Undergrad: 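Sharing a structure, written as structure tokens. Questions coming.
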Amino acid sequence: MEPEPDTKDWTWTLDRRCEQCGFAAGEVAVADVPQRAFVAAEEWVAILRSHPAVASRPEPAVWSPLEYGAHVRDVYRLFDQRLVSILGEDEPTFANWDQDETARTEHYGEQDPEVVADELEAAALTFVDRLRGVRPDQQHRTGTRSNGSQFTVTTLSQYFLHDVVHHLWDVTGQTDGAASLELG
């Protein structure tokens, strides 16, 4: 049994707190996004390297921590590509990404958790560095998703952050996990 495809438009999370994970993406200051994205990635790396049942689905129709981790790795990669597009092109349109199809074709549940952890960490560092390099005059540059949703650099980064934090909640149940994590 496979999880039901997620066809919801989650852009509403930019306007109000997510009722599931507790994250209020639109309230995160853009200056805080890179650090929170880094901390969330470190939490994901820890899950992938130490979760006792990383490859086991808690229910047949719910992704395993490994599957969520592979998805989150790809989210960091995808949003980095989208950020590059917004910064380098005038009003780009992003290609559609079918996350469920990607999970199937890339066999998320069969990947090596250590490799996924390494790749997630590398993708996060690339994206976080790029976010840190965004100048204030670039924050309002825009790009449009294939369904017509328009993002600025600011809202794209906030929307991204909700995705990775929400999936931490999916796996750990920890509400707004990246807000409470501290770097050592």
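Below, all heavy atoms of this structure are taken into account, side chains as well, without hydrogens, waters or symmetry copies. Predicted model, so just to flag it, every value in this text is computed and none were measured.
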Undergrad: Apply side-chain contact (heavy atoms from CB on, under 4.5 Å) to the pair His167 and Asp170, showing each step before the final yes or no.
TA: CA-CA 5 Å; His167 293 316; Asp170 284 326; 2.7 Å; yes
Undergrad: If I compare all heavy atoms of Gln138 with all of Gly133, which pair ends up nearest, and what's the gap?
TA: OE1-O, 4.1 Å
Undergrad: Which atom pair, heavy atoms only, marks the closest approach of Ser64 to Pro58?
TA: CA-CD, 4.4 Å
Undergrad: Any link between Val62 and Leu66 through a network of hydrophobic side chains (Ile, Leu, Val, Met, Phe, Trp, Tyr) touching at under 4.5 Å?
TA: yes
Undergrad: With rounding to the nearest 0.5 angstrom, report the CG to CZ distance, Leu131 to Phe38.
TA: 13.5 Å
Undergrad: Give, for atom NE2 of His51 and atom OH of Tyr68, the distance between the pair rounded to the nearest 0.5 Å.
TA: 12.0 Å
Undergrad: Using side-chain heavy atoms (C-beta onward) and a distance below 4.5 Å, is Val153 in contact with His140?
TA: no
Undergrad: Is a side-chain N or O of Arg145 found less than 3.5 angstrom from the main chain of Gly148, in a donor-acceptor match?
TA: no
Undergrad: Can you tell me how far OG1 of Thr11 sits from CD of Gln150, rounded to the nearest 0.5 angstrom?
TA: 12.0 Å
Undergrad: So which atom in Cys21 and which in His166 form the shortest heavy-atom distance, rounded to 0.1 Å?
TA: SG-ND1, 3.4 Å
Undergrad: Just verifying a value: how many Å separate Glu67 CD and Arg104 CZ, rounded to the nearest 0.5 Å?
TA: 11.5 Å
Undergrad: Are Phe160 and Val84 connected in the hydrophobic side-chain network, where two residues link if heavy atoms are under 4.5 Å apart?
TA: no
Undergrad: At their closest point, which heavy atom of Leu156 faces which heavy atom of Leu83, and how far apart are they?
TA: CD2-N, 4.0 Å
Undergrad: Flag the pair Asp74 and Arg77 as a salt bridge only when some basic side-chain nitrogen lies within less than 4.0 angstrom of an acidic carboxylate oxygen.
TA: yes
Undergrad: Apply side-chain hydrogen bond (donor to acceptor under 3.5 Å, both in side chains) to Arg49 and list each qualifying residue two or more places apart in sequence or on a separate chain.
TA: Glu114, Asp118
Undergrad: Shortest non-hydrogen contact from Ile47 to Pro65?
TA: CG2-CB, 4.1 Å
Undergrad: Assess whether a salt bridge exists between Glu121 and Arg73, defined as any Lys/Arg side-chain N lying under 4.0 Å from an Asp/Glu carboxylate O.
TA: no
Undergrad: Are Arg132 and Gln35 linked by a side-chain donor-acceptor pair shorter than 3.5 Å?
TA: yes
Undergrad: Looking at Ile86, Thr144, Asn147, which one forms a side chain to side chain contact (heavy atoms under 4.5 Å, CB included) with Phe94?
TA: Ile86
Undergrad: To the closest 0.5 Å, what do you measure between NE2 (His71) and OH (Tyr76)?
TA: 11.5 Å
Undergrad: Count I, L, V, M, F, W, Y as connected when their side-chain heavy atoms are under 4.5 Å apart, and connections chain through other members. Are Val30 and Phe127 then in the same cluster?
TA: no
Undergrad: Do the non-hydrogen side-chain atoms of Asp163 and Thr13 ever get within less than 4.5 Å of each other?
TA: no
Undergrad: Could you give all pairs that pass the salt bridge (charged side-chain N to carboxylate O under 4.0 Å, His left out) test and reach residues 88-99, with sequence neighbours left out?
TA: Asp90-Arg141
Undergrad: Just do the side-chain contact (heavy atoms from CB on, under 4.5 Å) check on Val171 and Trp44 with the steps written out, would you?
TA: CA-CA 10 Å; Val171 170; Trp44 273 108; 3.6 Å; yes
Undergrad: Just checking, is any N or O donor in the side chain of Arg82 or Tyr159 under 3.5 Å from an acceptor N or O on the other one?
TA: no
Undergrad: So, taking the atom named CG in Leu14 and the one named CD in Gln158, what distance separates them when rounded to the nearest 0.5 Å?
TA: 6.0 Å
Undergrad: Excluding sequence neighbours, so at least two apart, what forms side-chain hydrogen bond (donor to acceptor under 3.5 Å, both in side chains) with Thr152?
TA: Thr155
Undergrad: Where does the angle between the aromatic ring planes of Trp63 and Tyr108 fall among parallel (under 30°), tilted (30 to 60°) and perpendicular (over 60°)?
TA: perpendicular
